[in-house]
Amino acid sequence: MAEYTENELAKDLENKEYEYGFTTNIESEKIPNGLNEDVIRMISAKKNEPEWLLEFRLKSFQIWSEMVEPDWAHVKYEKPDFQAISYYAAPKKQKYESWDDVDPEMKETMNKLGISLEEQKRLTGVAVDFVMDSVSVATSFKEKLAELGIIFCSFSEAVQDHPELVKKYLGTVVPQTDNFYAALNSAVFSDGSFCYIPKGVRCPMELSTYFRINEAGTGQFERTLLIADEDSYVSYLEGCTAPQRDENQLHAAVVELISLDGAEIKYSTVQNWFPGDKDGKGGVFNFVTKRGICHTGSTISWTQVETGSAVTWKYPSCILKGDNSTGEFYSVAVTNNHQMADTGTKMIHLGKNTKSTIISKGISAGESENSYRGLVKIDRKADNARNFTQCDSLLMTDRSGAHTFPYIECENPTAQLEHEATTSKIGEDQIFYCLQRGIDEEKAIGLIVNGYCKDVLNKLPMEFAVEAQKLLTISLEGSVG
Amino acid sequence: MSVTEFVKNLQANNSAFGKKSASLLEGKDFPTTRDEYWKYTRLRKLTKNEFTQSGKDFSSDLSGVWKEDYSNRLVIVNGKIDESASKYDLSISKGIQSIEGEIKENDNINAGDDQIFSMISKAYAEDALVIDFNNQKERDLLQIVFVNTRNSAIANTLIKIKASKNANARIICNYISEGAGVGFTNTYFNLEADENSNIELVNLQAEEAGTFHIQSVNGTQEKDSKISVWNFSSGADLIRNNVNIRQNGKGCDTHVNGMYYGEEKQHIDNHIFIDHASEDCESNELFKGVMNGQSTGVFNGRVIVRKDSQRINAYQQNSNILLSEKATINSKPELEIYADDVKCSHGSVTGQLDAKALFYLKARGISEERAKKMLVSSFLEEVIETLPEDELKNYVVSQMVSRIQLLDHE
C-alpha cells in the first residue's frame, strides 16, 4: 500500500467540512415552540386553509398523539422533543411580484446552493420550486407549464387554487395512520410542492424543488403530492441542504406519488442535509415517508443519492396495484463520521405481471452505520410478478458498519424473485492496479466508488448526476480501509 | 397467550436453573407476529393445546430407523431416556442433576431471540444428557431417536454436547411420532466445541401431522473448531428451528444447512444466527425449501460480524420453490457487519419449477408427476450433497422419503 496511512486518511476525512453549512440572515416569522391543537389551528389559519384541511390536520394530530415513536430501525439517536420544536417558520417578506423583488440574501443562498434560478432559467430549462424552511418562495417557469395544463406550484397555492385535486388525492397513498412521522407531518405540514400532469402530456422539462432548513430550532415538514394523469410523463428532482447547527433539526416529510394508467413518474432525490460534525454533533434527523401508487401499465422510478443527515429513516416505496405496472428503486447511500442511515424500499406487488427492480449501493465510512432494509411482497393474486434485488455494501473503515435486512414475502407460485447482496471493502488489488498506472490513491478511490455506484448514477438526470458525483467525492475523499 | 396458562399441567424439575427458568417465564406471554423474530410464525395452533408430561412406553418398531454402523444408540421417549432400548460406550451422564452447572437458565446467544421455548424446556424437562466426546483418535458416532407418543404428550429434553480438544463427533437425531392426537417435542441442545474439535449434528425431523416441533440449538466454538448442523424438516404441523452459534476463537468454521418440504397447512420456520465474534472465521448457510398445498416456509438467516472480527467469509443462500397457488414463502437473509475486511454475501431466490425443464422431460415420455419428482429431487439434492458421506446421504433420503414423497429414492 502507499505511504498514505489509514490514520492520515481518517484525519483527512474528519476535516472535510460541510460546505453547505451557512445560514441566511433573513427575517423570518416563527411561531412559538410546541405542538397542540391551537398550534395546528394557527398554522392552518395563517395559510388560510379550508375547513376540510383543518379537520384533516386535527384528526392526524389526534392519531399522532396516540402513537409511539418507532424504534425498530437500526439507528441510535436521542429522540427529539416534539414540544421544543417550532412547527412553522416563514421568511417574513413573502410573495415576490418579480424575480427582482426577491431578497438579495436569499438569492445568495440559492447561488451558494448552486441553483441560481437565473442561470437555470437560461441554461437548463429546469423549473424550480424553492422551499426555504416551510414556505415556497419562488416558482419559475410556471406560465410555460400552465400552457400545457401542468400545475406545478407550492402546496399552499394548490390548496387555494386546486382544492378539488388536493382533496381527492391527499392521504390516499400515505394515510394519516401510516406511521408516527407521517401522522405528525399530516398534522403540521407547512408547505411543499404540488404537481399535476394532465392526461397524455409529456412534461417538457425537469421539475425541481430545493428544500433547505434555515431557521434554528425549526422542523421542516413538507408535503409533496404529485399526480401523473393517464399516459403522462414527468421527471421530478428534489434536493435538500441545511445549515450547520449544533442541535439536531427534524425533517419529517411525506411524498405521495400517484401514477395513473400508463403514466410514468421519475422521482430523483439528492439529499445532502447537514450530517453533523465529525464528532456526531448536530445534523438533521431525516424521517421521511415516500410512497407511490402505480395503476395499470404505469411506472414509478425512485432514484436517490443520500449523503447527508445525521440519522436517515427513509423507504421510498411502490404499491404496484395495477396490472403490468413497474416499480424501480435505485439508491446510493453514503454515511461518514457518526451518520446513521436505515434506508431501502418496499415493492408491494398486487397486480398481475408487475415488475420491480431494486439496486441499492451503500457506502460506510468513519464510524457510521449504514443499513439497507427492504420489503418485496408478492400478493396471492399477483401472477407472474418479477423482482430483482441487488444490494451491495462497501466498507471504507474498520469502525463503520454495513447491514442488510431484506424481507421477501411470496404468496404466489408464478413469481420469480431474486435477491443478492454482498458486503466487502475496496479491493487492494483494484487500488494497486490504479496506482500502477499512475493514478494516485485519492483518485483511484473516487474512480472505484463512482464505478461502484454507476448503475444508480446513470439513472439520474444529467445536472443531478454531476452534483451527485461531486457529493460522493466530498463525502468520501481520503477514506479507505 | 400466557406461558403460565400453557404450562399449568406441567411439573417443573428440581434443578436450580429449572426453578430460575420457571420464574423467568412467570407473567410472560408467547411471542406474536408483532415480535420481529416471530413475524411469520403464529403459535396459536400450538399454544391452544393442553399438553401433559407422559410416560415412556412406546410401540414403534425402530429397526427401520437404526443406522447399522452406529454402535452408540439412545432412545428418548416423551423427553425421558429409555435405558432398555439404549446402548453406548460413550461418557454420558444422565438425569437433570447431571446438567446442573453445565447450562444456565438464560444462555442466550442471539439477543433478538427471546428463547421462551428453551426456557420451557429447561424448567419442565424430566431428563437430561451430558455427552462428553473426548476420543482423540477417531470419530465417535451416536444416534439418538426421539419418540413422541402424542395423546397430548410434551417432550422436553435437555442435551449438552461437549467435544474436547481434537475430538470428533457425529450425531444423528431422528424425530418420530406414534399414536394419535397432538404431541409437542421441545428440545434444547447446547454444543460446546473445544479447540480443533468437530461436531456434526444431523436432525431428521420426520414426525407426523398433528405434532409440533421446536428445537433450539445454542453452540459456542473455540479456536479452529468446526460445527455443522443439518435440519431436514417435514411432517409436523409446526416446526421451528433456532440455531444460534457463536465463534469465540480464531479459525472457526460453521456450516448450517437445511432442507424443508411443506404440504397441507404445515408451517416450517428456520431461524439461524451466526455470531462472528472472532477473526479469521468462516460460515456457510444453505437452505432449500419446497412448499406445496397451503404450507408456509420461513427462512431467517442472521449473520453478525463483530467489530475487529476481520477476515471473515460468510455466505448465506436460500432458495425456494412454490408448487401450489396457496403456498407462501418468507425469506429474510440478514447481514450485520461491523468490520471491514470481510467477504459476506447472501442470496435468496423464489420461483416455481422451470416450465421448460418440465416440458423437456414430458416431451420424452416422462409423466408430469415423475418429471416433477425429478426436478424437486434434484433441487433438494444440493443440500443432501453437503453431508459428509455417500452412505449418510442415502440414509437421510431413506428416512425423509416417507414425509417428502417428491424425493427420489432408489
Side-chain angles (χ1 to χ4, degrees), chain A residues 6 72 74 362 364-365 367-381 383-428 479-481, chain B residues 34-36 39-40 279 290-292 294 296-355:
Chain A
E6 205 170 303
W72 45 261
H74 196 87
S364 334
E367 289 168 49
S368 65
E369 300 284 341
N370 198 332
S371 312
Y372 166 85
R373 186 184 300 274
L375 167 72
V376 174
K377 184 173 172 65
I378 312 295
D379 189 69
R380 188 74 71 210
K381 293 189 184 109
D383 290 344
N384 303 318
R386 184 82 178 87
N387 165 266
F388 174 75
T389 303
Q390 188 184 349
C391 43
D392 296 332
S393 307
L394 199 59
L395 287 149
M396 308 294 276
T397 67
D398 59 357
R399 289 159 296 150
S400 58
H403 320 301
T404 345
F405 307 101
Y407 295 70
I408 302 152
E409 304 176 8
C410 180
E411 297 188 340
N412 188 306
T414 57
Q416 232 193 87
L417 312 178
E418 286 159 54
H419 172 101
E420 53 183 58
T422 60
T423 305
S424 54
K425 64 171 190 170
I426 289 189
E428 285 183 21
S479 55
V480 68
Chain B
R34 297 188 69 83
D35 294 287
E36 186 67 18
K39 192 172 155 60
Y40 300 113
E279 48 193 2
V290 175
M291 306 322 288
N292 209 343
Q294 288 162 265
T296 312
V298 180
F299 171 77
N300 187 325
R302 184 161 167 240
V303 169
I304 286 198
V305 178
R306 303 263 170 209
K307 209 178 152 194
D308 300 327
S309 296
Q310 300 293 2
R311 296 169 299 282
I312 298 292
N313 288 350
Y315 302 100
Q316 278 181 66
Q317 174 66 38
N318 175 227
S319 311
N320 299 290
I321 288 181
L322 292 180
L323 283 182
S324 91
E325 275 171 28
K326 291 193 170 150
T328 304
I329 190 77
N330 297 305
S331 172
K332 196 168 155 241
E334 299 173 63
L335 291 172
E336 258 179 75
I337 293 155
Y338 300 91
D340 69 329
D341 193 357
V342 297
K343 277 194 195 118
C344 298
S345 66
H346 65 216
S348 170
V349 290
T350 299
Q352 52 188 330
L353 286 180
D354 184 355

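Chain letters run A, B, ... following the sequence lines, proteins first, then strands; residues in each count from 1.
- Looking at Arg386(A) and Glu418(A), a side-chain N of the basic residue comes within less than 4.0 Å of a carboxylate O on the acidic one, giving a salt bridge.
- Rounding to the nearest 0.5 Å places CD1 of Ile426(A) at 10.5 Å from CG of Asp340(B).
- Scanning residues 341-354 of chain B against chain A with a 4.5 Å non-hydrogen threshold yields Asp341(B), Val342(B), Lys343(B), Cys344(B), Ser345(B), His346(B), Gly347(B), Ser348(B), Val349(B), Thr350(B), Gly351(B), Gln352(B), sorted by number.
- Under the 4.0 Å criterion applied to side-chain N and carboxylate O atoms, Lys332(B) and Glu36(B) are assigned as salt-bridge partners.
- Of the listed residues (Asn300(B), Thr328(B), Ile337(B), Val303(B)), the greatest number of heavy-atom pairs within a distance under 4.5 Å of chain A belongs to Ile337(B).
- Contact of the Leu322(B) side chain with the Asn412(A) side chain is not registered, since no non-hydrogen atoms from C-beta on lie closer than 4.5 Å.
- A donor-acceptor contact closer than 3.5 angstrom is absent between the side chains of Ser368(A) and Asn370(A).
- Among the candidates Glu409(A), Glu411(A), Gln390(A), the residue making the largest number of heavy-atom pairs closer than 4.5 Å to chain B is Glu409(A).
- Comparing His74(A), Lys377(A), Gln416(A) by heavy-atom pairs within less than 4.5 Å of chain B, the highest count is held by His74(A).
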Run the numbers on Asn318(B) and Asn320(B) for side chain to side chain contact (heavy atoms under 4.5 Å, CB included), then give the verdict.
-> CA-CA 7 Å; Asn318(B) 175 227; Asn320(B) 299 290; 3.0 Å; yes
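- Atom NZ of Lys39(B) is surrounded by more than 12 heavy atoms from other residues, nucleotides or ligands within 6.0 Å.
- At a 4.5 Å heavy-atom cutoff, the contact between Ser324(B) and chain A is made by backbone atoms alone.
- The parts of Ala421(A) that come within reach of chain B are both its backbone and its side chain, each placing non-hydrogen atoms under 4.5 angstrom from that chain.
- Not a single donor-acceptor pair under 3.5 Å links the side chain of Arg373(A) to the backbone N or O of Phe405(A).
- One finds the CG atom of Asn292(B) at 10.5 Å from the CD atom of Gln294(B) (value rounded to the nearest 0.5 Å).
- Residue Ser400(A) touches chain B through its backbone alone, counting heavy-atom pairs closer than 4.5 Å.
- Heavy-atom pairs under 4.5 Å with chain B were tallied for Gly401(A), Ser424(A), Pro413(A); the largest tally goes to Pro413(A).
- Listed here is the closest heavy atom pair of Thr397(A) and Ala365(A): OG1-C, 4.0 Å.
- Looking only at side-chain heavy atoms (C-beta outward), Pro333(B) and Gln317(B) stay at 4.5 Å or farther from each other.
- At least one side-chain heavy atom of Arg302(B) sits less than 4.5 Å from a side-chain heavy atom of Glu336(B).
- Side-chain contact between Gln316(B) and Leu335(B) is present, with heavy atoms from C-beta onward closer than 4.5 Å.
- Within the 4.5 angstrom heavy-atom criterion, no atom of Phe299(B) approaches chain A.
- Only the side chain of Glu369(A) has a heavy atom closer than 4.5 Å to any heavy atom of chain B.
- No side-chain heavy atom of Tyr372(A) sits less than 4.5 Å from a side-chain heavy atom of Ser393(A).
- Residues of residues 305-315 of chain B that come closer than 4.5 Å to chain A, counting heavy atoms only, are Lys307(B), Gln310(B), ordered by residue number.
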